[in-house]
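Numbered from 1 within each chain, the chains take letters A, B, ... in sequence-line order.
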4 protein chains.
Amino acid sequence: MNHHSVRGGDKRARILESALKVFASKGFYAAKVADVAAEAGVADGTIYLYFKSKDDLLISLFEEQMQQVNSQLTTALVGAISATDKLQRFFKAYLGMVETHRHATEIITIELRQSAKFMKDYANPRFAEFLKLLAGIIDEGQASGTFVSGTPPTVLARAIFGLLDELALMWVTTKGDKIDIRKAADWVGRLVLEGLERRSA
Amino acid sequence: MNHHSVRGGDKRARILESALKVFASKGFYAAKVADVAAEAGVADGTIYLYFKSKDDLLISLFEEQMQQVNSQLTTALVGAISATDKLQRFFKAYLGMVETHRHATEIITIELRQSAKFMKDYANPRFAEFLKLLAGIIDEGQASGTFVSGTPPTVLARAIFGLLDELALMWVTTKGDKIDIRKAADWVGRLVLEGLERRSA
Amino acid sequence: MNHHSVRGGDKRARILESALKVFASKGFYAAKVADVAAEAGVADGTIYLYFKSKDDLLISLFEEQMQQVNSQLTTALVGAISATDKLQRFFKAYLGMVETHRHATEIITIELRQSAKFMKDYANPRFAEFLKLLAGIIDEGQASGTFVSGTPPTVLARAIFGLLDELALMWVTTKGDKIDIRKAADWVGRLVLEGLERRSA
Amino acid sequence: MNHHSVRGGDKRARILESALKVFASKGFYAAKVADVAAEAGVADGTIYLYFKSKDDLLISLFEEQMQQVNSQLTTALVGAISATDKLQRFFKAYLGMVETHRHATEIITIELRQSAKFMKDYANPRFAEFLKLLAGIIDEGQASGTFVSGTPPTVLARAIFGLLDELALMWVTTKGDKIDIRKAADWVGRLVLEGLERRSA
DNA sequence: CATGAATGAGACTTCATTCAT
DNA sequence: CATGAATGAAGTCTCATTCAT
């Protein structure tokens, strides 16, 4: 009988999973380390055997989650040829994850922002990766002439992330009847790819 | 002659202004009430003559700032005729404010999100107003046939807010050479109104 | 029109009256000076024109109330001849006052005790007077042979005060159907004068 | 071997003991939680591992002390046959405890009263038990014809408690030469059982 | 490795008291 | 005399972190 495996997963992973749930439901500041420990079924002190501090726990959570997000997005793009196709798949995959990874979405959309303030030095490399992936698609589209040039891909990537992120936030925080987040991918696709204005002819 | 005026502005306004500065630079949670008091040049207890609690201070700040934002946006739209024109002015005005109201932007972009978590019951009516203003423009454009129909205006409004908000956040948090936030209004205008794809003919 | 008389009474008296009401209903520690001021319809600062401190307000209240109690008791004894008669009148008068001066009773029964602790040096001369009055009756009874000797009158006086005081407290704190406080005077009279044991013959 | 025992007594008991001492000497309101912690030799925060709040500490103190008082009184009555005997033993035991449990006496005589005010809902069940014990003796005496009937036992019990309580308070607060509290039991016994008046024959 | 009782720095908030008007 | 806004000392309580077991 292995002490370290309880309900199929090593302790570090279980703590991370619990932190995800607790931070998402109470917010990072309101959540207590003891809450995370209780959720994970370990002693308070045990947290500190795997993470340097409460902040470190949050950062590790980002790392893990964003890595998953990036990996799934990358997978989703496999086989796509045109930039247009890639972008549509990107939207669909991202907003699809919102539904399947509720808690992760809350952490990313809400706490990621605070991080800019409270973790002055944390560079957030995974988010950078995310943006790079998105900017790469746009760059490719602009280079191939499929997309209009003139706006820096990094800015567009950021704008598009904000757009997706806000829809995710809306979906996550709405109590009653939510929008269909999967339909939203199409709406966003139309908005971004075709624009709002009716084409003249 | 106002008994309560001390160097241009009553005390409540001064405290609010100081809270804006302090919360923006340290984040709401890291900021101490004593910091705000010191910045405002009043005693700690004085804060509580004007605000019920630290939370109330943050909420009041939102109210005030969002009200200003809404009022400036409304002003900016005066005289605009088409929905397209209104939307462009909206972008220009919003991103213009980012530059002139740096601190307010930080509060709105960063702390507004947390509010969803920590202030369960705070409805944030000013933000609702903001969205209504934006959705109104889109609705008008769709009704007149200028804008493509099919996507709910409320969803589009939210998406566009996210987009603007993210650019504002990017601008605010970038240390070195920032993008030209005023140019960004045009970029965003093009993205939203015309879309990314090159028009076929 | 006299500024100092509002609703028939000078300001000092009004403050004292308000303090009585407020202290009685919330307790001295829970009561705020501002509460007393509000009740009296004066500004907070005004309290300090008449009393040195919150403590002084409580002490002054004791003085005033005990003086009234003593004066009424003294009046009640006028015309009584025997010690027995005096004691019965004393009981009747004391417990009668409990009903007519509810708030004063609460202050005396409850806060008087605390005073022993929090006002190390306050001698409480009025309470001393009260005890002297009661001890005087007992002493007189013992001297005349009406009362049994052997127990120091000061001790008996104190014991009897405790007895009356506790009944007063019971009456004051009971919410539902209270005992008839006036009947209690007779009960106490019987207990003290005749004792519990049935007389043999 | 008990992990939690530190020099004879678990931490909760030590804190309670320290609270007894500190509250008795400074009064509940004047006493700081830090004082209790220092007296107990623990950190301030440790108090809150065992008690919900400062109020809870006081209530727990009451519970514990009154329970001890009740238990000792019950023990003292074992073997007594007549109501008269029981009452005399009750007096002796109660006033004896005053001397041996000085601090507890101060808490009970002084702070118990305040509790009526500041703890609106705290029912104080131990004190109710105490009164029931006393009223039981009186009821028994009345039923057997040993004691005079006519006065409700609950009222008499309360009156007698007040009497004992006041003597205890007198003894506790007197600085110089105190009365002999053990003699007082006889004095009280005489007063209550035989009354003040000299028996006619 | 794991525990969880203990720590203690520090935050928010209250409120008696002052003093300029 | 009266006001009441302002003060700021001080208290209760929280909670991330440690360390002896």
Worksheet item: For C:Thr46 and F:dT3, is the shortest distance between a side-chain N/O and OP1 or OP2 below 4.0 Å?
Response: yes

Discussion item. Quick check on E:dA2: is either OP1 or OP2 less than 4.0 Å from any side-chain nitrogen or oxygen of A:Tyr50?
Written reply: yes

Fill in: Within 6.0 Å of NZ in D:Lys21, more than 12 heavy atoms from elsewhere
no

Item to complete: Respond yes when some side-chain nitrogen or oxygen of D:Lys11 is under 4.0 Å from OP1 or OP2 of E:dA6, and no when none is.
Response: yes

Worksheet item: What integer distance in Å separates B:Leu57:CG from E:dT13:P?
Response: 10 Å

Pairs: protein N or O with nucleotides 9-11 of chain E N or O, under 3.5 Å:
from	atom 1	to	atom 2	distance (Å)
E:dA11	OP1	B:Lys32	NZ	3.2

Discussion item. Rounding to an integer number of Å, can you tell me how far C:Phe51 CZ sits from E:dA16 C1'?
Written reply: 16 Å

Worksheet item: Separation of A:Arg12 atom CZ from E:dC1 atom P, in whole Å?
Response: 12 Å

Practice prompt. Could you tell me the separation between the CZ atom of D:Arg14 and the P atom of E:dA5, rounded to a whole number of Å?
Written response: 16 Å

Worksheet item: Measuring from A:Thr46:OG1 to A:Arg12:CZ, what's the distance to the nearest 0.5 Å?
Response: 14.5 Å

Worksheet item: Is it true that a side-chain atom of C:Lys26 and a backbone atom of C:Lys32 form a donor plus acceptor pair closer than 3.5 Å?
Response: no

Response to the item:
Between the CG atom in B:Leu61 and the NE2 atom in B:His103, the distance rounded to the nearest 0.5 Å is 11.0 Å

Practice prompt. To the nearest Å, give me how far apart CG (C:Asp10) and P (F:dC1) are.
Written response: 10 Å

Practice prompt. Rounded off to whole Å, could you give me the OH-to-C1' distance for the D:Tyr48 and E:dG8 pair?
Written response: 13 Å

Discussion item. Judged by each residue's nearest nucleotide on DNA chain E, which is more toward the 5′ side, B:Ala34 or D:Ala43?
Written reply: D:Ala43

Worksheet item: Judged by atom type as modelled, is there a donor-acceptor pair below 3.5 Å linking the side chain of C:Arg14 to the main-chain atoms of C:Ala40?
Response: yes

Item to complete: Could you state the atom-to-atom distance from NZ of A:Lys52 to C1' of F:dT17 in whole Å?
Response: 14 Å

Discussion item. From CG of C:Asp35 over to P of E:dT14, roughly how many Å is that when rounded to an integer?
Written reply: 13 Å

Worksheet item: About how many Å separate CD of C:Glu39 and CG of C:Leu20, when rounded to the nearest 0.5 Å?
Response: 10.0 Å

Item to complete: Under a 3.5 Å limit for both distances, which nucleotide forms a Watson-Crick or G-U wobble pair with E:dC1, could you say?
Response: none

Worksheet entry | Partner nucleotide, any strand, of E:dA6 [Watson-Crick/G-U, under 3.5 Å] | F:dT17

Practice prompt. Can you label the angle between the B:Phe28 ring and the B:Phe23 ring as parallel, tilted or perpendicular, going by 30° and 60°?
Written response: perpendicular

Worksheet item: Of B:Ser53 and A:Leu49, whose closest DNA chain E nucleotide lies nearer the 5' terminus?
Response: A:Leu49

